Number of protein chains: 2
Amino acid sequence: MNAEFGELDERKKKILHAIVNAHIRVGGPVGSKYLAQHQHITLSSATIRNEMAELEALGYLEQPHASAGRIPSERGYRFYVNSLMEKYRLTSAELRQLNNLMKSKIEELDKLLEAATKLVSSLTNYTSLTVKPPQHEVVITHIRLLYLDTQTFLLVLVTSTDIVKTKYVRSPMVVTDEMLRTLEIELNAYLTGIPVERITLPVIMELTSRLSEYEQLVSSIIRYIYDAVGEIDSGDLHVEGINLLLQYPEYSDVERFKELLKMLERKEDILNIISERDADSTQVIIGGESRVEVMHNSSLIFRKIRRGGRVVGAIGVLGPCRMDYSRVIATVEHLADCISKRAAGIIPGLSTAPDDEAYIKPPED
Amino acid sequence: MNAEFGELDERKKKILHAIVNAHIRVGGPVGSKYLAQHQHITLSSATIRNEMAELEALGYLEQPHASAGRIPSERGYRFYVNSLMEKYRLTSAELRQLNNLMKSKIEELDKLLEAATKLVSSLTNYTSLTVKPPQHEVVITHIRLLYLDTQTFLLVLVTSTDIVKTKYVRSPMVVTDEMLRTLEIELNAYLTGIPVERITLPVIMELTSRLSEYEQLVSSIIRYIYDAVGEIDSGDLHVEGINLLLQYPEYSDVERFKELLKMLERKEDILNIISERDADSTQVIIGGESRVEVMHNSSLIFRKIRRGGRVVGAIGVLGPCRMDYSRVIATVEHLADCISKRAAGIIPGLSTAPDDEAYIKPPED
DNA sequence: TTTAGCACTCGTGCGCTTTAAGTGCTAACA
DNA sequence: TGTTAGCACTTAAAGCGCACGAGTGCTAAA
């Protein structure tokens, strides 16, 4: 009982490591006897049992029921991914397939991503997914400002894809109905009818100078428009190889699987998870870490793809928590990096490279 | 035993009708007692039993096991769809939703189709699907003619999407290696690098006149190119609401469902089924009629969408054989017709309306 | 501190019985 | 001659009990 809170001694790490590895391979709960025999651990099953009981008390393992072995808890997986797992080296066969894809002459980023998804599915045996940049440019067709009271108003956006977005805006200055109507006219004149990607700095400068009396107001509105557009424009999720999930007993409960499917088809949750995470490293989201109910038994690994500082997509893998993290991470990372490198030379959509830095950046806050 | 082969007397029709209706509603096998009580049939259960036994002998019904009621056979469903089923009138609520969609300002055909799929799923409670016209124009980048013998050669096409298609061509005239090389150069000069949709009559006229000495050969090659392009270019299948299938006990066998999912993800089978069927009526494919193994327990209903004589997509529904055919057909038909009508005014992709009749038509054979 | 041994727990699988639904057949009936 | 009531028969599904086995926790010995 000398394990300090939050830190594990070497032996515990070794045992936890072995348990996670075994569980990922075999699927069922793993018991002390199995570890004593099959893994190269030179301890008796009884000692292992003691260690396992402590690991459970510390929250790294759990027991499906009293007479079963242990399975890693979410915390166990997390520790495994952060500290235990050894880096997987892609086999030459895997590298060959990955490189074949990259050598192919697929020009469009979204086609490339689609092909990449298929490959990732077949390499990892898990469901894979990509976020593609939106195929059609979103155009704002109407902007409305609805007066609520002197401090607040409602911003309503209607887009060419018939999506309506509304935002409450707390005004930084006192507003009147007339002010809002004037602003509305100007905003519509300047911002509707052009692709949102084209709402560049010059356009905004022009607009704010024209409306200098309302400067603070305009900047806060623009910011809200930017946010709203971001939500509309978060790209399109493409999922491949859902059938692969069904090979894992984790998904044999039809009802749960149905809910997962529904979530994937709604797309929203996954897009949210992806968009709210950091773009500069491979993200590993284990079970409930996603805060999405139906993902509790699943893990999601993904990496965003950048081009010239701008995130233009993502590629990821969805599978049971008992996922071969090491291999999946290596695959996703390799592919995402290759695509990012290649994307640097590709013109996505209609925007041309030099424009890149002219896009609105959402204010930090 | 007076039922003539192939024809059913009124009473049998009435009973078959009632059985199919009840089965579609309830799901389980339906028995004689149930029919005698709940349907407005003024016969005793014993009489119904006799009729059912005959209907089974004639192949319209089958019995899952000796002590169960009857369920319709494929033939039973077919007869029901062709002759028994009453036409479903869309409710005003359904019509409202359908019309809302059509009134929306979605401009692009593929976006419209995607929205339509979602709506069909939610209206019918089955999985729905659309075939969208290909998003990216296919460009042929290389044409190769490989000499095999004096009567045959191999046509190899490489497209911008890195797809390679080969066709054996039986030549209508004796060919030599030199001839093929000359032809190859000309074909490449005229047909590569432009979207296949732009390979219009003028282009072909020009080409054939330039190569008049090989006229028959050229026309047969063009035809093969057209076929091959059709295969490349058969559009993109989009499936929505797969999770809905899982509410039907027909899909509770995980292994079978997995195979179905795999088939849907491969897309090929469904695209084949759709492309080889007639374009001018709603198609109903019941169970094994599709010749696709995993579809044996499922039915597919779809209708193609035309624009100016050209098929530009399709919309359909996939569900258990025990499907509410009447309602699904009404929904699909209504929506497909609306979209076809609207598509007449929409410019899909880059092609402009007046060009329409200038596209190559594949020779009749 | 480690290990061997043992009693205990609990999920799983198997075979048994019961139940209920539905049939086919026979005989009576209109 | 067609229809119906009644009954014996069939069978899948559901419920039950029991033995099995995997794995644990604990105790005591090394």
Side-chain angles (χ1 to χ4, degrees), chain A residues 1-3 8-12 14-16 18-19 22-23 25-58 60-73 76 249-250 252-254, chain B residues 1-4 8-16 18-20 22-23 25-58 60-73 76 249-250 252-253:
Chain A
M1 193 150 307
N2 64 347
L8 297 181
D9 60 47
E10 281 311 311
R11 198 168 72 176
K12 280 200 180 53
K14 193 166 182 179
I15 289 175
L16 180 55
I19 290 175
H23 182 64
R25 275 216 330 281
V26 180
V30 354
S32 56
K33 218 168 199 169
Y34 177 87
L35 281 184
Q37 286 171 354
H38 293 259
Q39 313 300 118
H40 43 86
I41 290 182
T42 58
L43 294 168
S44 75
S45 66
T47 311
I48 297 177
R49 271 202 294 286
N50 288 331
E51 293 285 41
M52 282 164 79
E54 288 183 34
L55 280 166
E56 181 172 1
L58 292 167
Y60 293 94
L61 294 178
E62 46 198 42
Q63 221 173 356
H65 59 259
S67 76
R70 304 300 208 297
I71 58 173
S73 67
E250 280 86 341
S252 56
D253 177 343
V254 181
Chain B
M1 194 156 303
N2 65 347
E4 207 53 55
L8 297 181
D9 60 46
E10 281 310 311
R11 199 168 72 177
K12 280 201 180 51
K13 283 187 191 169
K14 193 167 181 178
I15 289 175
L16 180 55
I19 290 175
V20 179
H23 181 64
R25 276 214 331 280
V26 181
V30 355
S32 55
K33 220 168 197 169
Y34 178 89
L35 282 185
Q37 288 172 352
H38 294 258
Q39 314 301 116
H40 44 85
I41 290 181
T42 59
L43 294 169
S44 75
S45 67
T47 311
I48 297 176
R49 270 203 292 285
N50 288 330
E51 293 285 41
M52 281 164 78
E54 287 183 34
L55 280 166
E56 180 172 2
L58 292 166
Y60 292 95
L61 294 178
E62 45 197 43
Q63 221 172 356
H65 56 86
S67 78
R70 303 301 209 295
I71 58 173
S73 65
E250 281 86 340
S252 56
D253 177 343

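Note that the structure is a prediction, hence the values are computed from the model and not measured. Residue numbers begin at 1 in each chain, while the letters A, B, ... track the order of the sequences. Below, each value reflects all heavy atoms present in this structure, side chains not excepted, and no hydrogens, waters or symmetry copies.
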Query - Annotated protein contacts, base or backbone, on nucleotides 23-30 of chain D with a non-hydrogen cut-off under 4.0 Å, one of B, S, - each - result: SBBB----

Report task. Let me know the distance between CG of B/Leu35 and C1' of D/dT4, rounded to the nearest Å. Result -> 16 Å

Report summary line: dist A/Tyr60:OH -> A/Leu8:CG (nearest 0.5 Å) comes out at 4.5 Å

Query raised in the report: Of all residues at least two apart in sequence or in a different chain, which pass the salt bridge (charged side-chain N to carboxylate O under 4.0 Å, His left out) check with B/Glu56?
Result: B/Arg70

Report task. Mark yes when over 12 heavy atoms from residues, nucleotides or ligands other than A/His40 sit less than 6.0 Å from its NE2; otherwise mark no. Result -> no

Query raised in the report: Listed by chain and number, what are the side-chain contact (heavy atoms from CB on, under 4.5 Å) partners of B/Ala46, not counting sequence neighbours?
Result: B/Ser44, B/Arg49

Report summary line: Heavy-atom nearest nucleotide on DNA chain D taken for B/Glu51 and for B/His65; more 5' hit belongs to B/Glu51

Requested in this report: Please report, rounded to the nearest Å, how far the P atom of D/dG2 is from the NZ atom of B/Lys12.
Outcome: 11 Å

Requested in this report: In whole angstrom, give the distance that lies between atom CZ of A/Arg11 and atom C1' of C/dT3.
Outcome: 12 Å

Query raised in the report: Among the nucleotides D/dT3, D/dT4, C/dT3, which one has an atom lying closest to any side-chain atom of A/Leu43?
Result: C/dT3

Query - Over 12 foreign heavy atoms within 6.0 Å of NZ, A/Lys33 - result: no

**Report entry** Atom-pair distance (CD on B/Glu62; P on C/dG22), nearest Å
**Finding:** 17 Å

Query raised in the report: Is any side-chain heavy atom of B/Leu16 closer than 4.5 Å to a side-chain heavy atom of B/Leu61?
Result: yes

**Report entry** Rounded distance (Å) that lies between atom P of D/dA22 and atom NE2 of A/His38
**Finding:** 12 Å

Report task. Provide, to the nearest angstrom, the distance between the CD1 atom belonging to A/Ile41 and the C1' atom belonging to C/dT3. Result -> 16 Å

